[in-house]
Structure formats: C-alpha cells, structure tokens
Undergrad: 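If you scroll down you'll find the structure; I have some questions about it.
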There are 2 protein chains.
Amino acid sequence: MTIGEFSRLTHLSVRTLRRYHEAALLEPAVVDETTGYRYYGVDQIPAAQVIHRLRELDVPLSDVQRILRTPDPGVRASLVADHLQRLEDVLDRTRTAVVSLRRLLRPDPAPIDVELRAEPARTVAAVEAVVAHRDVTTWYAGAMAELEAAVGAAVTGPPGGSYDNALFEQERGLAVVYLPTAAPPRTGRVHPATLPAAELAVTTHVGEHDDIEVTYGELGTWVVENAMSVAGPVREVYVVGPRDTNDPAAWRTEIGWPVFRVGVVEGGPAAPR
Amino acid sequence: MTIGEFSRLTHLSVRTLRRYHEAALLEPAVVDETTGYRYYGVDQIPAAQVIHRLRELDVPLSDVQRILRTPDPGVRASLVADHLQRLEDVLDRTRTAVVSLRRLLRPDPAPIDVELRAEPARTVAAVEAVVAHRDVTTWYAGAMAELEAAVGAAVTGPPGGSYDNALFEQERGLAVVYLPTAAPPRTGRVHPATLPAAELAVTTHVGEHDDIEVTYGELGTWVVENAMSVAGPVREVYVVGPRDTNDPAAWRTEIGWPVFRVGVVEGGPAAPR
DNA sequence: TCTGAACGCTCCCCCTGGGGGAGAGTCCAC
DNA sequence: GTGGACTCTCCCCCAGGGGGAGCGTTCAGA
C-alpha cells in the first residue's frame, strides 16, 4: 500500500506519516531502496490508529513510541493511565484559570482593602517541608490533619501557613503550616516553631482559593503603589475555612505580605508607621 | 519597576516578558532609549495577570492581544466565551479519544464480522447537505427530526445515512440522511432520493459511537486484506438507535463500505461473488 | 511505446510559545 | 571605583507540524 492510500485509511497526512517514519515511530513495511518509496502493510493500520488517538490526547511522540514498544498490556495501560492523570491536572489548571479570568475581566473590580499590621513573633505548632507548587494542596491536607491530631483542643486560634517565594518563582519551595497553641508538642512531623515578627500588608480573600492568585496580584499592586518592597515569605491565616463551614463562599483567608518601606536603610524590616 | 521585579510580581519569566514586548502584547511603560532597559508600571500588573491566565487556557497570543485591545467588556467576555467553547470541543475530542484508545489497546480484540452484500437501488426520503465533520452530529439531529416529521408512520425501516469520503479526508463533505418509505414526500429540506445499487462490505458496530472509528478501521483492514478497494461514500444504517432504546449499549449500527475487487477492469462496481 | 497526470521523494523555510546560553553593557550599594 | 547582580541583543534549540520548490516514479490510455 502506498503512503497515499495508507494516509487515506488512517486519516494521517502523508507529511505526518513521513515524519513518523523519520522518528522511527511507524516504519513502513517496505522501503524501496532505489526510489525511496514507502509501502505500508494492512497490519500497520491498528498501530497508526493508536498513534492517532494518543496524539489527540497530546501524548508526546516519545511517549507514544514508548507505549507502542511496550508489549505487556498491563504496563501499557498504566503508561496511558499516567498520561490521563496529567490530563486531569491540566483540566484542573484550566478550571481555576477560568475562574480567575472571570474575576479579572469583571468590569468594576472592588478596590482592595489592605491593612498594615505589625505582627509580633510567636511560637506555634508547625509542620514544614520543601514541596512543589502543585502539590501544596495535597501536602497541606496531610500536614494539617497531623497538626490537629497532635494539638487537639489546645488550639488557640485559626490555622495558618507561611510560603516561601521560591514556591511561586521556582515552582518549589519551603512551606510551613501551623496551629497556634500555648505549649506546642513535638510528635511525628509536628514541632514547635517561631514565626518571626514582621510588618505585614494584610488583605482578606473571600471564598474558594480558585482565584486567590488574583487577590495576590491586587495585594502586590498595593504594595508597590505604596512604595514598599516585599521581604520574606508570604503568610496566610485561614480565619474561616473548611474546618469551620462547608460553604466555601463563607471562607476568609488573610494574606499577609512582609513588607518594608523602600529607602529604609540596611533593608531591614520597617518600623510601624 | 525593572523587568526582573515585574517578573517576580507577575510570575512571567523575563524572557516571556521580552517576547510579549516584541509581540506588542504588553509594552513596558518606559523604555530607556540609550540602554534599551524596559521599565514597567504598577498599572500593568492586571494586564499581565490576564495574559497569564489566558495563556494557561492556551489562548493564542494573537487572540490575547485582540481581547486586551477590546474596550467593551461585553465583547471581551464573548471573545473569552468563544475560546471556552473551543475548550469544550477539545474536551469532547479528548473523551472520545480515551474511549477509542481503551478499545484499541484491549489485549484480545474480537475478530470483526464482515458480510459482503449486494444492495439494490432504492428510493427513500432524504435530507442532504455539505457539512463539516465535527458538525455532523448536530446536523444529523436536526435533519432526522425533520425527516420524522415529514414521513411519520409511513416509515418502512430503520434510518440511515451516506457520508462522502471527503468528510473524513478533508473534514468537510456531503452527508445524506434518510428514512425508507414507500412514497417519499417533498417538504422543507426533505426530498425523494435514490440510493444507488452497490456491493457493500457490511459490519455492525455495537454501542455508542464514541469508538466507531475503531470499527471503521477494522472494516478498512478487512477490505484491504480481502483484496478490495473502496468505491464511493460509506453508508450507515441505524438498526437500533436512540429512537428505539435509551440504553446506548444496545445500539446497533451497520456500516457498509461500497467495494470492488481490485483488478476488475474499468474500475466499475464488482459483480457479486 | 510514448505521454501526461497523479503521486512520491528530499530539502528548506515557516508557524506557535517558549528555553538555554554567549558576550557585552548597566545599575547600584559598599 | 569596584564587584555583583541585573539587563541587553543575538543565535540556536525544542515539538509537531504546514507550505512549497524541484525533481523522480508509476501507471493507464492512446
């Protein structure tokens, strides 16, 4: 079967078939030595269909190759499953992008309400780890469960977290979650930790965290507009969260950005104004 | 604000910001004439965020530009909605690709059951149009509704369709749907039409049409293996369909591919064997 | 046996939306 | 004034294709 006939049967363009040959993804059954003509066999149609479908799922050609060369159907299925998991992640990202976009494009965004607050140092029960940005949610759930088990009824306030800037800039960084309590225990990953004193620019994000990036952006704008610079990890306090109510619309998250006035000598933390 | 500071605030890489400048997507507030240094303003953060989100939705840069330059929020919202519609389509495509893939990777596919059948010419009530491949489903629903209204109880068999090869090869081609009836009416788009006699290679697809492409592929393989060539539009007969049962698993679709034996002189239709 | 259309070949450049790195110039605080 | 961090432009790279030039092959009809 010539490349044109094969193309018609598989709905892959002639160009694409040649490319797949070059990539050793789908080699013609016979290649005429003298003319270079490619001839395909009927038995290659299923492989071509598999490739077509995988490409529709945006599986990279290298992965397609790996899948085709895996004889064990079980392993093969798991490779495909891996990719489907990646698709799910993309879908998630897409969903939150849509939510943020709605808010970003809203005709008249309400002006942001920012409070400058001098926060004293305090000791809390904490769990910390270097995590990837996309794993934060999962990690948070586990860490907070462990914290609640360790602290129990001795909790003296809402939970919070501190997230290194590298987490946003390099997609990976130090994250700390904590529960305030009078005498922090030390069990498992839970240990006492000191939150340093800081001058914080604080605003409150309302509702789910889908569009929290937008609030971050507004806070960042405020900080720059007020001639300040950011110093240190961002803090979040889950004033009202899933522990308190099942209605995400009622959630309140305080975002605190450590700041100092631009021009203050030595780059140290600013004195409260 | 230098490009680096702006980069940190928006989570867009310095490189990407420069690219956006080049593309006239997001121009720095000030560009130093002598050094070429780019300086951004605080008021550009929201635009950068919008771009970021749109890019997460895979909106092409040209469309992002169009959206940003549209002052009317209503028009802007509709541009975004258009893209969301496109995302939905991709999602649909992904879903069917997953279903097909499952079947394609099944360890032991049952051998296909093909019958060679000489179909006589017959006259039916038909609706026809040149449609795009992805619009076939929608178009079919409307056409079939009109057919049923026109023919009513005079129906003498299951509905069917005939789909030009161009529909699969060029993504656009002639589609015909019909209902068999003794005296085809002529109202609206409905008119009498003659299905030409043909030698058909017929197989039956079971269930939803998500993975019907796989059955097509198997039929194509059979046709080539049996030394035949395809001649003319493919036919489908909806022996058991949504009109008959709400259980998609019970659907039966006959796929008939007009064939002729390779080597028959003049390329005319084959005599039945 | 010739001829012309249809089809095939390779090679090169183009597109999208980025990333890596070289080599040189600039900014700013000490 | 000096060093380090930052920025500039320029070129090459990636995937996964598409367009087209220029030329060779196949095959059926005359």
Undergrad: Does any N or O in the side chain of B/Asp32 come within less than 3.5 Å of the main-chain N or O of B/Thr35, such that one atom is a donor and the other an acceptor?
TA: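 Pair found, side chain donor or acceptor close to backbone of B/Thr35.
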
Undergrad: Measure the distance from CG on B/Leu26 to P on C/dG17 and round it to the nearest whole Å.
TA: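 So the CG-P distance, B/Leu26 to C/dG17, works out to 15 Å.
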
Undergrad: Please work out whether the ring planes of A/Tyr39 and A/Tyr37 are parallel, tilted or perpendicular, with thresholds of 30° and 60°.
TA: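 Tilted.
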
Undergrad: If we ignore angles and hydrogens, is there a donor and acceptor under 3.5 Å between the side chains of A/Ser13 and A/Arg18?
TA: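 No, A/Arg18 and A/Ser13 have no side-chain donor paired with an acceptor closer than 3.5 Å.
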
Undergrad: Using heavy atoms to find the nearest nucleotide of DNA chain C for B/Asp32 and B/Val59 separately, return the residue whose nucleotide is more 5′.
TA: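 Final value for this comparison: B/Val59.
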
Undergrad: Round to the nearest Å and state the distance from B/Leu12 atom CG to C/dG18 atom C1'.
TA: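 Computing the B/Leu12:CG to C/dG18:C1' distance gives 12 Å.
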
Undergrad: When you measure from the side chain of A/Gln65 to the backbone N and O of A/Ala23, does any donor-acceptor pair fall under 3.5 Å?
TA: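 Yes.
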
Undergrad: Between the protein and nucleotides 13-15 of chain D, list the N/O to N/O atom pairs that are separated by less than 3.5 angstrom.
TA:
none

Undergrad: Pick out which of A/Thr16, A/Leu25, A/Ile67 makes a side chain to side chain contact (heavy atoms under 4.5 Å, CB included) with A/Ile51.
TA: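 Running side chain to side chain contact (heavy atoms under 4.5 Å, CB included) over A/Thr16, A/Leu25, A/Ile67 with A/Ile51 returns exactly one hit, A/Leu25.
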
Undergrad: Does A/His83 use its side chain to pair, donor to acceptor, with the backbone of A/Leu57 at less than 3.5 Å?
TA: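 Between the backbone of A/Leu57 and the side chain of A/His83 there is a qualifying donor-acceptor contact (under 3.5 Å).
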
Undergrad: Does A/Arg102 have more than 12 heavy atoms from other residues, nucleotides or ligands lying within 6.0 Å of its CZ?
TA: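 Count not over threshold, so no.
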
Undergrad: So which nucleotide from D/dG17, D/dG20, C/dG17 ends up closest to the side chain of A/Arg19?
TA: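 Given the options D/dG17, D/dG20, C/dG17, the side chain of A/Arg19 is closest to D/dG17.
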
Undergrad: Within this structure, what is the NE2-to-C1' distance between B/His21 and C/dG18, rounded to whole angstrom?
TA: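 Rounded to whole Å, this separation is 18 Å.
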
Undergrad: Could you check how far CG of B/Leu17 sits from C1' of C/dG19, rounded to whole Å?
TA: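 Distance, rounded to whole Å: 14 Å.
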
Undergrad: Measuring to OP1 and OP2 of D/dG18, would you say a side-chain N or O of A/Thr16 lies under 4.0 angstrom away?
TA: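 Checking A/Thr16 against D/dG18: at least one side-chain N or O falls below 4.0 Å of OP1 or OP2.
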
Undergrad: Within this structure, what is the CZ-to-C1' distance between A/Phe6 and C/dC7, rounded to whole angstrom?
TA: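 Atom CZ in A/Phe6 sits about 17 Å away from atom C1' in C/dC7.
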
Undergrad: Which is more 5' along DNA chain C, the nucleotide nearest A/Val14 or the one nearest B/Asp58? Just name the residue.
TA: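 Looking at DNA chain C, the more 5' nearest nucleotide goes with A/Val14.
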
Undergrad: Can you find a side-chain donor-acceptor pair between A/Arg103 and A/Thr215 that sits under 3.5 Å?
TA: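 On atom types as modelled, these side chains qualify, holding a pair under 3.5 Å.
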
Undergrad: Given C/dG17, is OP1 or OP2 found less than 4.0 Å from the side-chain N or O atoms of B/Tyr20?
TA: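 Indeed not, no polar side-chain atom of B/Tyr20 lies that close.
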
Undergrad: Taking the side chain from B/Glu56 and the backbone from A/Thr94, do they hold a donor-acceptor pair closer than 3.5 Å?
TA: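 No: the side chain of B/Glu56 does not pair with the backbone of A/Thr94.
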
Undergrad: Nearest whole Å is fine: how far is D/dT9 P from B/Arg18 CZ?
TA: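 Result: 7 Å.
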
Undergrad: Parallel, tilted or perpendicular, judged at 30° and 60°: which one describes the rings of B/Phe6 and B/Tyr40?
TA: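 The rings of B/Phe6 and B/Tyr40 lie parallel, inter-plane angle below 30°.
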
Undergrad: Which one, D/dC8, C/dG19, D/dG20, comes nearest to the side chain of B/Arg15?
TA: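 The listed nucleotide nearest to B/Arg15's side chain is C/dG19.
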
Undergrad: What is the distance, rounded to the nearest whole Å, between atom CD1 of B/Ile3 and atom P of C/dT26?
TA: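 Rounding to the nearest Å, CD1 of B/Ile3 and P of C/dT26 are 17 Å apart.
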
Undergrad: Kindly state which residues belonging to residues 37-54 of chain A come within less than 4.0 angstrom of DNA chain C, counting heavy atoms of the residue only, listed by number.
TA: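 Output list: A/Tyr37, A/Arg38.
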
Undergrad: What's the closest nucleotide to the B/Ser13 side chain, out of C/dG19, C/dT10, D/dG18?
TA: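 The answer is C/dG19, which lies nearest to the side chain.
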
Undergrad: Send over the distance from B/Glu5 CD to D/dT7 C1', rounded to a whole Å.
TA: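 Atom CD in B/Glu5 sits about 12 Å away from atom C1' in D/dT7.
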
Undergrad: Nearest to the side chain of A/Thr35, which nucleotide is it out of C/dC11, D/dT7, D/dT25?
TA: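 Within the option list, the nearest is D/dT25.
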
